[in-house]
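Below is one structure; the comments refer to it alone.
Hydrogens, waters and symmetry mates are skipped; everything else that's a heavy atom, side chains included, is used.
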Amino acid sequence: MKLLLNALGIQDSGGVTVLEKVLQECTQEANNHYLIICNDNKNIRLLVEKYRDISYLVFKTVELKSFLHRLYYENVTFRKLIKKESIDLVYNFSGSAQFFSKIPQITKIQNLLFYCKKIDALYFKNKQYILWLKQIFLRRVVFHAMLRQTKYVEIQSAHVKEQIADFMDISDKQFFVKSDIDVSMQLFCHPKEYDWSRKINFLYIVGPHFEYLHKNFIDFTNAMMKLRELNINFEISVTLTKEQLHNSSIWNRDLDERTNFLGYINTREEAENIFTDNTILVSTSVIETLGLHVVEAVQNGILAISPEETYAKSVYGDHVLSYKLFDMNSLVDVIQRIVLLDNNDITDTILKNQQYLIKNENSKYHSIINIFEKVAHVQK
């Protein structure tokens with residue numbers, strides 16, 4: 001079987017991490033041949049170099065100039081490629097689909113920005129009407145039209161299906177819930193040690209898009225300022241540079257002296273080194289399909305706090321520590337309750353988070369090859 005793997009739109013480390021997992025799954029089936037179309041950027045170039053010697057993985061990188069250019073490429077250039085390469089199936093890895101495709105296609109939903117009413121409400125509350133039109137509504141129109149063209153949809157968690165159902169009729173679609181997380185036991189660390197008489201390290205993992213409203217970074221900044229007023233002994237580790245934060249209106253420079261500006265984390269060793277004793281990861285996202293940063297925190301044996309939202313319960317389980325979204329005082333209260341816990345309670349919480357993650361991910365599809373085969377069988 002010949003497949004076109006459409007990875008256009010993948011830019012940040014989270015997307016590349018999931019893409020690499022898919023490539024690893026593809027290498028387990030040498031009878032298939034893959035044409036992989038992706039953006040030309042630093043992260044992708046490293047990936048191409050890593051897999052360049054595998055003959056049945058052929059990469060084609062594209063320098064896209066705009067969203068409209070991407071639409072043209074996916075709906076015009078793809079048709080030529082599909083015909084030229086005798087493609088049997090298109091796997092749209094980043095949420096798009098081809099309007100006029102005559103061959104079966106699978107669409108993977110990795111971004112819920114266009115399927116979240118709470119995001120809309122947040123833009124309106126902040127009176128960001130023009131920004132909403134540019135960042136959400138216009139793209140929603142396009143991606144919704146695309147999704148209506150495809151029968152087969154891959155999702156990372158059951159809550160994604162519920163979010164999509166809020167915006168369109170899904171009765172004609174077949175959903176595949178697939179795990180993008182390796183839950184091998186050797187990848188789970190023993191719970192870290194916590195000693196509240198020492199400095200607490202608050203970890204915030206985010207990319208350069210941290211100012212987007214859905215990341216809700218302001219909750220974190222405000223909570224840290226409140227903890228500063230309460231004379232809590234803490235420091236911050238954030239995966240941004242000082243320059244990035246100083247150019248943002250949602251950062252308070254009074255926090256500089258307490259902050260480790262880590263910048264972009266691009267190696268596994270660097271990533272593992274940020275999950276240390278006395279570290280609490282804080283996530284403030286309004287919506288996530290998966291929330292890889294929280295998953296990695298759980299795997300690496302540290303405490304994690306996330307919003308008290310449906311997606312968090314679905315992906316991380318009922319034992320994840322949570323706060324009320326958009327409520328800085330709620331986040332501070334959760335932190336103050338955490339520092340009253342002893343090590344036995346903390347260890348128990350972390351282990352329950354890990355156990356849920358393993359059980360939940362094991363209930364899903366584990367290889368994209370299985371999904372390809374099911375779709376191919378249905379088409380026959």
Side-chain angles (χ1 to χ4, degrees), residues 2-30 32-78 80-82 84-85 87 89-96 98 106-111 139 154 156 180-182 205-210 212 215 238-241 243-244 261-274 289-290 292-293 295-296 367-369:
K2 286 190 173 183
L3 299 99
L4 189 156
L5 198 165
N6 173 19
L8 292 175
I10 298 301
Q11 303 278 356
D12 61 22
S13 58
V16 172
T17 297
V18 177
L19 176 58
E20 181 166 15
K21 184 174 185 296
V22 166
L23 294 178
Q24 290 170 353
E25 293 165 10
C26 291
T27 60
Q28 297 170 14
E29 179 50 81
N32 292 337
H33 287 77
Y34 303 89
L35 174 60
I36 304 154
I37 315 294
C38 41
N39 292 76
D40 185 11
N41 59 59
K42 179 182 177 181
N43 293 329
I44 292 294
R45 284 195 291 271
L46 291 172
L47 203 60
V48 172
E49 182 64 25
K50 186 173 180 178
Y51 289 89
R52 65 182 303 174
D53 294 331
I54 300 177
S55 62
Y56 50 90
L57 297 182
V58 178
F59 290 86
K60 181 177 178 60
T61 57
V62 182
E63 188 174 347
L64 294 178
K65 299 178 176 61
S66 65
F67 184 64
L68 289 177
H69 185 200
R70 176 179 170 182
L71 283 178
Y72 174 86
Y73 200 93
E74 290 186 332
N75 289 280
V76 177
T77 307
F78 270 22
K80 299 175 184 176
L81 286 172
I82 289 168
K84 178 182 177 182
E85 303 293 336
I87 299 295
L89 175 66
V90 175
Y91 177 41
N92 294 298
F93 184 75
S94 53
S96 60
Q98 288 72 61
I106 303 168
T107 294
K108 180 183 182 70
I109 303 298
Q110 295 200 70
N111 189 342
R139 296 192 177 200
E154 181 198 335
Q156 296 167 305
D180 283 326
I181 304 168
D182 189 344
I205 299 177
V206 70
H209 50 286
F210 69 99
Y212 278 35
K215 287 301 178 184
V238 60
T239 55
L240 296 166
T241 65
E243 182 182 14
Q244 285 174 310
F261 301 97
L262 304 177
Y264 176 66
I265 303 295
N266 60 5
T267 68
R268 184 177 294 275
E269 184 179 0
E270 285 179 327
E272 290 175 350
N273 287 338
I274 64 177
T289 53
L290 189 63
L292 196 57
H293 55 304
V295 169
E296 289 177 341
S367 173
I368 190 61
I369 303 300

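Between Asn39 and Ile10, the closest heavy-atom pair is OD1-N, 3.7 Å. Shown here for Phe93 and Gly15, the closest heavy-atom pair between the two residues is CE2-O, 3.9 Å. Closest approach of Ile368 and Cys26 over heavy atoms only: CG2-SG, 4.2 Å. Heavy atoms only, all atoms of each residue included: Asp180 and Lys21 are closest at O-CD, 3.3 Å. Residues Leu240 and Gly207 share a closest heavy-atom pair of CD2-O, 3.5 Å. Closest approach of Arg70 and Ser94 over heavy atoms only: NH2-OG, 3.2 Å.
Separation of atoms OG (Ser96) and CZ (Phe78) is listed at 7.0 Å; rounding is to 0.5 Å. Annotation: the span from His69 atom NE2 to Glu74 atom CD amounts to 10.5 Å, rounded to 0.5 Å. Rounding to the nearest 0.5 angstrom, the gap separating the CD1 atom in Ile37 from the CG atom in Leu8 is 7.0 Å. Residue Leu292 holds its CG atom at 8.5 Å from CD1 of Ile205, rounded to the nearest 0.5 Å. For the atom pair CG of Leu5 and CG of Leu23, the computed distance is 6.5 Å after rounding to the nearest 0.5 Å. Expressed to the nearest 0.5 Å, how far CD of Gln156 lies from CG of Leu290 amounts to 4.5 Å.
Of the residues listed (Leu4, Ile106, Ile36), the one engaging Tyr91 in a side-chain contact (heavy atoms from CB on, under 4.5 Å) is Ile106, and it is the only one.
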Subject >> Phe261 vs Gln244, side chain to side chain contact (heavy atoms under 4.5 Å, CB included): CA-CA, chis, key distance, verdict >> reply: CA-CA 10 Å; Phe261 301 97; Gln244 285 174 310; over 6 Å; no

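Look at Arg45 and Glu49 and you find no salt bridge, because none of the NZ, NE, NH1 or NH2 atoms lies under 4.0 Å from a carboxylate O.
A donor-acceptor contact closer than 3.5 angstrom links the side chains of Gln98 and Asn92.
At distances below 3.5 Å, at least one donor-acceptor pair connects side-chain atoms of Tyr56 with backbone N or O atoms of Thr27. Looking at Thr239, its side chain does come within 3.5 Å of a backbone N or O of Val206 through a donor-acceptor pair. Side-chain atoms of Thr61 do not come within 3.5 Å of backbone N or O of Asp40 as any donor-acceptor pair.
Using a 4.5 Å heavy-atom cutoff, the side chains of Tyr264 and Asn43 are in contact. Residues Ile369 and Gln28 are not in side-chain contact: their nearest non-hydrogen atoms beyond the backbone lie 4.5 Å or more apart.
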